[in-house]
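In what follows, a structure is listed as structure tokens, so that the remarks can point back to it.
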Amino acid sequence: NAGVTQTPKFRVLKTGQSMTLLCAQDMNHEYMYWYRQDPGMGLRLIHYSVGEGTTAKGEVPDGYNVSRLKKQNFLLGLESAAPSQTSVYFCASSYYSQETQYFGPGTRLLVL
Amino acid sequence: DQQVKQNSPSLSVQEGRISILNCDYTNSMFDYFLWYKKYPAEGPTFLISISSIKDKNEDGRFTVFLNKSAKHLSLHIVPSQPGDSAVYFCAASGRGSARQLTFGSGTQLTVLP
């Protein structure tokens, strides 16, 4: 089992560019999450999904969109990147409403 | 408005001694608490959890204590080992369909050999 994987590992964008971060899990988890982590702060929830075809907003959803077309994949999109979106992005997944979330290795994004 | 606070950004402990990491919360709706450990360039990994119906949970060298009246929890690591050096995040969740986790800002633990 690969667990939770994230693509890419690192990316540099210019302000205004768009990109999509891919998260994949092979544990047949229903719930998937996208977080961002900034220096001196904990992980903050951007968006989450409770099942295939569903998405919901988390604590800091502005500037991001998500899609969950397949159960194993959760995509995070930035339509027009801003320097404030420079961060490390983590994807996680879990069984139904269990609290133990399994995290991917992270994607480091730098927006210039 | 941080609902989960870890007021100590860093902690250094000698190998073999006890490490105590603290966490405070403000939301009385939180009823489940977790600790995650994170190494550099890796994602957080689940360490231990506790439900609000308990005041203590043990797993090997790791024990989590919950004081509901003080809205405080702590993680004890005994004995501490150099491999325990990592950032430790406290997280909490409340009743809700998605059980969203609210994380603290983390404490960097360094265990000195």
Side-chain angles (χ1 to χ4, degrees), chain A residues 2-10 21 23-25 27 29-51 54-61 66 68 74 87-108, chain B residues 1-10 21 23-27 29-54 57 59 64 66 73 86-108:
Chain A
V4 180
T5 58
Q6 293 183 232
T7 309
K9 289 185 169 54
F10 176 70
L21 283 67
C23 175
Q25 53 93 5
M27 298 175 281
H29 286 170
E30 289 291 335
Y31 284 47
M32 296 188 75
Y33 311 82
W34 275 107
Y35 293 88
R36 61 178 288 174
Q37 186 195 5
D38 301 297
M41 303 185 74
L43 283 76
R44 291 182 294 168
L45 184 64
I46 304 171
H47 286 280
Y48 63 96
S49 168
V50 302
T54 75
T55 63
K57 293 180 180 180
E59 180 187 353
V60 288
V66 288
R68 183 99 180 269
F74 196 28
S87 188
V88 181
Y89 292 86
F90 290 101
C91 175
S93 69
S94 67
Y95 288 113
Y96 294 102
S97 61
Q98 284 189 11
E99 290 77 14
T100 303
Q101 296 181 14
Y102 297 84
F103 283 81
T107 294
R108 186 173 297 274
Chain B
D1 176 28
Q2 278 191 297
Q3 298 187 65
V4 178
K5 297 180 183 179
Q6 294 176 257
N7 293 317
S8 298
S10 62
L21 295 91
C23 178
D24 297 295
Y25 63 96
T26 57
N27 190 337
M29 295 300 289
F30 288 148
D31 61 359
Y32 200 81
F33 305 88
L34 308 88
W35 286 93
Y36 279 81
K37 180 168 72 172
K38 185 183 178 305
Y39 293 116
E42 294 183 10
T45 55
F46 170 73
L47 191 58
I48 192 169
S49 63
I50 187 168
S51 165
S52 60
I53 62 173
K54 294 185 175 181
N57 189 27
D59 184 1
V64 56
L66 175 62
L73 65 155
V87 176
Y88 289 78
F89 290 101
C90 169
S93 73
R95 298 173 189 88
S97 61
R99 282 285 183 179
Q100 295 179 37
L101 291 180
T102 300
F103 284 83
S105 54
T107 296
Q108 170 70 58

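Fair warning: this is a prediction, and the values are worked out from it, not measured in the lab.
Contacts between A41(B) and chain A at a heavy-atom distance below 4.5 Å involve the backbone alone (N, CA, C, O). P9(B) does not touch chain A: none of its heavy atoms, backbone or side chain, sits under 4.5 Å away. Proximity to chain B is absent for every atom of Q6(A), based on heavy atoms less than 4.5 angstrom apart. For L45(A), the part sitting under 4.5 Å from any heavy atom of chain B is the side chain, from C-beta outward, and nothing else.
F89(B) meets the ring-ring contact (aromatic ring centres under 6.0 Å, His included) test with no other residue; sequence neighbours excluded. Qualifying side chain to side chain contact (heavy atoms under 4.5 Å, CB included) partners for Q3(B), counting only residues two or more places apart in sequence or in other chains: T26(B), N27(B), F30(B), T102(B).
In terms of heavy atoms, Q100(B) sits closest to K57(A) at NE2-O, 4.5 Å. Considering all non-hydrogen atoms of both residues, S105(B) and G40(A) come closest at CB-O, 3.4 Å.
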Checklist entry - Hey, mind stepping through Q101(A) and Y36(B) against side chain to side chain contact (heavy atoms under 4.5 Å, CB included) and telling me if it holds? => result CA-CA 10 Å; Q101(A) 296 181 14; Y36(B) 279 81; 3.6 Å; yes
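The OH atom of Y35(A) sits 4.5 Å away from atom CG of L101(B), with the distance rounded to the nearest 0.5 Å.
Surrounding CZ of R108(A) are at most 12 heavy atoms belonging to other residues, nucleotides or ligands under 6.0 Å away.
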